[in-house]
Amino acid sequence: MEHQALHDALTGLPNRILLRNRLEHAIQMTRRQAGFPALLFLDLDNFKAINDSLGHAVGDRVLLEVAARLQGCLRPGDTVARFGGDEFAVLLPCLPASEVATAVAERILETVQAPLLIDGRELVVGVSIGIACLCQGAEGPDDLLRNADVAMYHAKEQGKGRYALFEPRMHTAALARLELTADLRQALECEQFALCYQPVVSFADSRITGVEALLRWNHPRRGILLPGAFLALAEETGLILPIGRWVLRTACRQARIWLDQFPSDPPLTMSVNLSARQLQQPSLVDDVAAALEAAQLPPAYLILEIAEHLLLDGTSAIVAQLARLKQLGVQLAIDDFGTGYSSLGYLRRFPVDLLKIDRSFVQGIEHSSEQMAVLEAVIALGKTLNLSTIAEGIELSQHRDRVRQLGCDAGQGYYYTRPLGERDMTALLADVLSAVAPAPAPGRDYPSLARSSGAPQ
């Protein structure tokens with residue numbers, strides 16, 4: 001019974017209770033001998049994807065193999081413990097210098113990241129590691145645990161698959177992160193989110209064919225925050241799910257309003273971005289269907305954009321999810337196309353309708369023939385698969401002209417307009433989609449869509 005109370009049932013490793021006892025003992029020993037303890041906090045990268053796609057039985061075998069590999073990296077007096085889920089901790093009780101802890105972390109990274117062979121399937125699991133050392137002797141067990149955890153999250157934020165040594169500034173950043181998380185939880189309830197809209201312009205006749213909904217957070221103290229300031233946190237905490245549902249409902253409702261106000265041929269489309277967490281959610285199709293039904297919006301007028309890197313693992317679950325969305329009748333677009341692994345074989349697996357070419361392929365084409373050649377190949381790839389192509393990041397008339405010459409179908413960017421609020425976007429649509437407005441000559445822009453408005457956000 002004592003062993004069960006102090007050890008993990010799956011791996012047989014010490015649990016957090018026993019680790020904390022040993023950590024407290026190691027701290028007390030620093031008063032009697034030279035050296036100091038260090039604590040490594042480990043979190044497996046991409047373990048959830050393995051668990052969700054291959055099942056918990058395979059996930060348990062991965063955890064057992066990782067536990068064995070960790071034990072093989074350590075000295076007899078060291079302790080490796082399982083904290084639960086895919087989290088582990090390593091106690092190095094007596095070190096002469098912090099460099100020893102970082103050397104152990106490097107050895108663990110190399111060992112854990114080596115491919116696993118389970119049931120004839122090769123799996124790769126990464127790990128992120130936070131390191132906290134008792135260098136000043138003032139920290140207690142809970143302080144070291146907290147500091148190692150904070151350093152681990154810092155390692156994940158830096159790109160995963162690495163280690164980070166705790167620094168006091170990380171604690172300040174962690175407190176700010178906690179504050180932002182609390183603010184984020186209140187943002188929906190307090191109606192602090194808003195949508196901006198950016199038009200998509202056809203190169204064939206310079207007409208607006210659709211708009212993309214872009215999320216903004218009107219933070220009560222920090223002002224307007226762009227998605228880069230909070231979406232990763234929303235994804236990590238799961239708050240992206242209610243936020244995503246709000247975006248879908250709001251965008252569909254606005255699309256219905258504009259369709260009624262500005263009938264056009266073809267009708268205006270609304271593009272909405274999906275996050276990784278949303279794409280993995282079983283209720284996604286129901287959420288989309290509910291938003292369409294509530295707005296009375298025909299599914300064909302909604303475009304769901306999925307960032308290319310989210311499709312790279314190509315799991316059957318993702319393919320099935322996209323197939324269900326297509327059966328609903330919506331259009332699917334690959335966003336940031338070209339930044340991942342783009343190939344005919346890869347694209348044929350997914351039932352997509354549009355490719356949104358990443359802005360990095362457009363920037364600099366007015367000066368670089370090599371950049372032009374790459375962009376031409378990307379556009380040709382889309383046309384080979386009969387997919388519509390949209391170039392993002394159109395900021396100059398040279399961008400528009402050269403992308404159009406290469407056969408791209410449409411463009412989006414600051415050359416036309418910055419993202420606009422609902423009122424300003426309505427005014428713009430009234431200007432360019434008015435039934436009494438004359439049709440523009442092919443290849444020309446409406447004056448209101450030919451403004452360059454500064455650097456992209």
Checking Leu354 against Leu332 for the side chain to side chain contact (heavy atoms under 4.5 Å, CB included) test, could you report, in this order, the C-alpha distance in whole Å, the side-chain angles of both residues, the deciding distance, and whether it holds? CA-CA 7 Å; Leu354 305 99; Leu332 299 177; over 6 Å; no
Worked verdict on Glu179 versus Arg221 for side chain to side chain contact (heavy atoms under 4.5 Å, CB included): CA-CA 12 Å; Glu179 181 182 353; Arg221 296 183 305 279; 3.0 Å; yes
Carefully, step by step, assess His154 and Phe166 under the rule side chain to side chain contact (heavy atoms under 4.5 Å, CB included). CA-CA 9 Å; His154 182 77; Phe166 176 78; over 6 Å; no
Evaluation steps, side chain to side chain donor-acceptor pair (under 3.5 Å), between Gln321 and Arg324: CA-CA 5 Å; Gln321 184 82 297; Arg324 288 192 291 269; 2.9 Å; yes
Working for side chain to side chain contact (heavy atoms under 4.5 Å, CB included), residues Ile243 and Leu184: CA-CA 10 Å; Ile243 293 172; Leu184 195 58; 4.2 Å; yes
Evaluate the salt bridge (Lys or Arg N to Asp or Glu O under 4.0 Å) criterion for residues Asp86 and Lys48: first the C-alpha distance (whole Å), next the side-chain angles of each, then the deciding distance (0.1 Å), finally the verdict. CA-CA 9 Å; Asp86 58 348; Lys48 186 178 185 303; over 6 Å; no
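Salt bridge status for Lys156 with Glu236: absent, with no side-chain N to carboxylate O gap under 4.0 Å. Look at Arg146 and Asp149 and you find no salt bridge, because none of the NZ, NE, NH1 or NH2 atoms lies under 4.0 Å from a carboxylate O. Between Arg69 and Glu65 a salt bridge is recorded (basic side-chain N to carboxylate O distance below 4.0 Å).
Rounding to the nearest 0.5 angstrom, the gap separating the CG atom in Leu375 from the SG atom in Cys408 is 7.0 Å. Of the inter-residue distances, the one linking Ile390 atom CD1 with Thr209 atom OG1 reads 6.5 Å to the nearest 0.5 angstrom. Note that the CD atom of Glu212 and the CG atom of Asp335 stand 6.0 Å from one another [nearest 0.5 Å]. Within the model, atoms CG of Leu355 and CG of Leu387 stand 4.5 Å from one another, a figure rounded to the nearest 0.5 Å. The structure places CD1 of Ile129 at 12.0 Å from CZ of Phe88, a figure rounded to the nearest 0.5 Å. Residue Leu42 holds its CG atom at 9.0 Å from CD1 of Ile131, rounded to the nearest 0.5 Å.
Residues Leu54 and Ile118 fail the side-chain proximity criterion, which asks for heavy atoms closer than 4.5 Å. Side-chain contact check for Gln254 versus Leu195: every heavy-atom pair is 4.5 Å or farther apart. By the 4.5 Å heavy-atom criterion applied to side chains, Leu40 and Tyr163 are not counted as neighbours. The shortest side-chain heavy-atom distance between Thr250 and Arg253 falls under the 4.5 Å cut-off. In this structure the side chain of Arg207 never reaches within 4.5 angstrom of the side chain of Val432, judged on heavy atoms. You'll find the side chain of Thr426 reaches within 4.5 Å of the side chain of Trp258, heavy atoms only. For the pair Leu248/Leu304, a side-chain contact is recorded, criterion being any heavy-atom separation below 4.5 Å from C-beta on. Side-chain atoms of Tyr416 and Gln198, non-hydrogen and from C-beta on, never get closer than 4.5 Å to each other.
Between Asp45 and Lys160, the closest heavy-atom pair is OD2-CB, 3.4 Å. When all heavy atoms are compared, the tightest approach of Ser275 to Ile240 is OG-CG1, 3.4 Å. In this structure, Leu268 and Tyr301 approach most closely via the heavy-atom pair O-CB, 4.0 Å. Minimum heavy-atom separation, Pro298 to Leu292: O-CD2, 4.4 Å. For the pair Ala307 and Asp336, the tightest heavy-atom approach, listed with the atom from each and the gap, is CB-OD2, 4.1 Å. Nearest heavy-atom pair, Phe361 versus Ile365, reported as atom, atom and distance to 0.1 Å: O-CG2, 3.2 Å.
Other residues, nucleotides and ligands contribute over 12 non-hydrogen atoms within 6.0 Å of the CD atom of Gln158. By the 6.0 Å contact criterion, CD1 on Ile224 is open, its count of non-hydrogen atoms from other residues, nucleotides or ligands being 12 or less.
No side-chain donor from either of Glu191 and Asn218 sits under 3.5 Å from a side-chain acceptor of the other. For the residue pair Gln405 and Arg402, no side-chain donor N or O sits within less than 3.5 Å of a side-chain acceptor on the partner. No side-chain N or O of Ser128 forms a donor-acceptor pair with one of Asp43 less than 3.5 Å apart.
A donor-acceptor contact shorter than 3.5 Å links the side chain of Asp409 to the backbone of Thr389. When atom types are taken as modelled, the side chain of Arg256 and the backbone of Leu297 share no donor-acceptor pair closer than 3.5 angstrom. Lys356 contributes no side-chain N or O that, together with a main-chain N or O of Gln412, makes up a donor-acceptor pair within less than 3.5 Å. The backbone N or O of Gly85 lies less than 3.5 Å from a partner atom in the side chain of Arg82, making a donor-acceptor pair. Remark: side-chain polar atoms of Gln113 are not paired, donor with acceptor, to backbone N or O of Glu110 under 3.5 angstrom. Judged by distance alone, with hydrogens and angles left aside, the side-chain atoms of Glu395 form no donor-acceptor pair with the main-chain N or O of Gly413 at under 3.5 Å. Not a single donor-acceptor pair under 3.5 Å links the side chain of Ser283 to the backbone N or O of Asp286. Side-chain N or O atoms of Asp119 include none that pairs as donor or acceptor with a backbone N or O of Arg121 at under 3.5 Å.
Checked against Leu302 for a side-chain contact (heavy atoms from CB on, under 4.5 Å), the options Leu328, Thr269, Val288 give a single hit: Val288.
Within the 6.0 Å centre-distance limit, the rings of Phe41 and Phe83 are counted as a close aromatic pair.
In this structure, Phe193 and Trp217 have tilted ring planes: the angle between them lies in the 30° to 60° band.
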